[in-house]
Structure formats: structure tokens, C-alpha cells
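For clarity, every value in this text was computed on a predicted model and none was experimentally measured.
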Amino acid sequence: QVQVVESGGGLVGPGGSLTLSCTTIGLPLDGYAMGWFRQVPGQGREGVSWVSQSGRRTYYDDSVKGRFTISRDDAKNTLYLQMNSLKPEDTAMYYCAARSPRSCYGICLSPGQYNSWGQGTQVTVSS
């Protein structure tokens, strides 16, 4: 089972930017479709974005569309989430997750569709 580790969280002011990174351990990133999720205490884990194994397909939740960009650099074994125009409501623990490339063909932002998860990195948007 592949392990994933995310990093890059921190405190940023409203309107600011932050880039999260995720890497796989044990097996290469290029074997998986990858997703970003976030969770606020007391709420369920919600899907933010995903990118296909090839990098040719991406999907964004409406709440982040136009502000966040998911990308992957398989040569560096790294997945990214570039977050711009951050809002206080973006504050959450962000998780990186991996799934088999052909495990989902739809929206693919349900946590149960992903097999391996990172420990999370906290993003706080506050003035």
C-alpha cells in the first residue's frame, strides 16, 4: 500500500496564496490518480480537487474553482495544490490521497473512492 505525505500548510492572510505538496512513499506517484481533500473539525472530509494519473484531467469543487490549481510532476514524484485568493472559509486540514487510475470515472471527490491518505497539513486563512 502506497503511503502519502503532504506538506506546505501554514498561516496566510485573506487573499494570499499557498502551495501544498504531496509525495508518495514506497511506490511512485505516477501509478495513481491523486486528490486533495479538506476537513474542518466537526465536519466531514470534502473533496477539493483531483488529477488523473496522466495529468490530462483535473476536477475542482465549485468552492475552489478558479482559485486553486492541482498539478503533478511525476519526475519529482510530487503532487501540488496551488491555492490563490484564499478565503477564511478555506481554513481546514488538507489531505492528499491516492486512488487507482481506473477506480473512478465521475466526479471522484468522495473520500471512499481513495485508498491511501496522508496525515494532513493545516491551512489557516486569517488576518
Side-chain angles (χ1 to χ4, degrees):
Q1 184 77 13
V2 66
Q3 295 185 60
V4 297
V5 180
E6 60 272 90
S7 62
L11 175 65
V12 63
S17 298
L18 204 60
T19 300
L20 306 183
S21 298
C22 172
T23 186
T24 59
I25 298 173
L27 293 169
L29 185 76
D30 65 12
Y32 306 91
M34 303 294 296
W36 286 100
F37 294 76
R38 63 188 182 186
Q39 187 169 21
V40 176
Q43 299 183 15
R45 193 166 297 186
E46 63 179 19
V48 174
S49 179
W50 65 262
V51 60
S52 65
Q53 180 189 22
S54 68
R56 295 169 184 165
R57 287 180 174 270
T58 59
Y59 186 88
Y60 300 90
D61 184 75
D62 287 344
S63 65
V64 305
K65 192 171 185 178
R67 300 188 298 120
F68 291 12
T69 302
I70 190 170
S71 63
R72 63 191 302 151
D73 187 340
D74 290 339
K76 295 182 178 180
N77 204 59
T78 304
L79 171 77
Y80 303 97
L81 183 67
Q82 175 65 51
M83 305 183 293
N84 298 321
S85 302
L86 283 161
K87 306 174 181 179
E89 51 262 45
D90 294 317
T91 296
M93 184 73 73
Y94 282 71
Y95 298 88
C96 174
R99 64 171 172 86
S100 297
R102 295 181 292 175
S103 63
C104 181
Y105 294 96
I107 295 174
C108 304
L109 283 180
S110 295
Q113 295 168 323
Y114 291 75
N115 307 114
S116 301
W117 295 81
Q119 296 298 311
T121 185
Q122 178 68 37
V123 172
T124 301
V125 184
S126 176
S127 60

Minimum side-chain heavy-atom gap [X]-[Y] below 4.5 Å:
{"X": "Gln122", "Y": "Thr91", "answer": "yes"}
{"X": "Arg38", "Y": "Val123", "answer": "no"}
{"X": "Gln39", "Y": "Pro111", "answer": "no"}
{"X": "Ser52", "Y": "Tyr59", "answer": "no"}
{"X": "Asp61", "Y": "Val48", "answer": "no"}
{"X": "Tyr60", "Y": "Arg67", "answer": "no"}
{"X": "Asn77", "Y": "Pro28", "answer": "yes"}
{"X": "Tyr32", "Y": "Asn115", "answer": "no"}

query: Hey, what do you get for CG (Asn84) to OG1 (Thr19), rounding to the nearest 0.5 Å?
result: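 Going from CG on Asn84 over to OG1 on Thr19, the span is 7.5 Å.
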
query: Once you round to the nearest 0.5 Å, how far does CE of Met34 lie from CG of Leu81?
result: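 Going from the CE atom of Met34 to the CG atom of Leu81 covers 11.5 Å.
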
task: Walk me through it: do Ser63 and Glu89 pass the test side-chain contact (heavy atoms from CB on, under 4.5 Å)?
output: CA-CA 9 Å; Ser63 65; Glu89 51 262 45; over 6 Å; no

To check you understand the geometry: which heavy-atom pair defines the closest contact between [X] and [Y], and what is its length?
{"X": "Leu79", "Y": "Cys96", "value": "CD2-SG, 3.7 Å"}
{"X": "Lys76", "Y": "Thr78", "value": "O-OG1, 2.8 Å"}
{"X": "Pro101", "Y": "Gln53", "value": "CG-OE1, 3.2 Å"}
{"X": "Ser17", "Y": "Ser85", "value": "OG-N, 4.4 Å"}
{"X": "Ser103", "Y": "Ser100", "value": "OG-O, 2.7 Å"}

task: Begin from the C-alpha positions of Leu11 and Ser126 and carry the test side-chain contact (heavy atoms from CB on, under 4.5 Å) through to its verdict.
output: CA-CA 7 Å; Leu11 175 65; Ser126 176; 4.2 Å; yes

Any side-chain to backbone donor/acceptor pair from [X] onto [Y]? Under 3.5 Å, distance only.
{"X": "Glu6", "Y": "Gly120", "answer": "yes"}
{"X": "Arg72", "Y": "Leu29", "answer": "yes"}
{"X": "Thr24", "Y": "Leu27", "answer": "yes"}

If you group Ile, Leu, Val, Met, Phe, Trp and Tyr by side-chain heavy-atom gaps below 4.5 Å, do [X] and [Y] land in one group?
{"X": "Leu20", "Y": "Trp50", "value": "no"}
{"X": "Tyr95", "Y": "Ile70", "value": "no"}
{"X": "Tyr80", "Y": "Leu18", "value": "no"}
{"X": "Val51", "Y": "Val2", "value": "yes"}
{"X": "Tyr94", "Y": "Val125", "value": "yes"}

- prompt: With a cut-off of 6.0 Å (strictly less than), are more than 12 heavy atoms of other residues, nucleotides or ligands near CD1 of Ile25?
  reply: yes

task: Test Arg45 against Tyr114 for side-chain contact (heavy atoms from CB on, under 4.5 Å), laying out the working first.
output: CA-CA 12 Å; Arg45 193 166 297 186; Tyr114 291 75; over 6 Å; no

field: Any side-chain donor near an acceptor of the partner, Gln82 and Ser71, under 3.5 Å
entry: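 On atom types as modelled, these side chains do not qualify, holding no pair under 3.5 Å.
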
- prompt: So Trp36 and Phe68, ring-ring contact (aromatic ring centres under 6.0 Å, His included) or not? Walk me through it.
  reply: CA-CA 11 Å; Trp36 286 100; Phe68 291 12; 9.8 Å; no

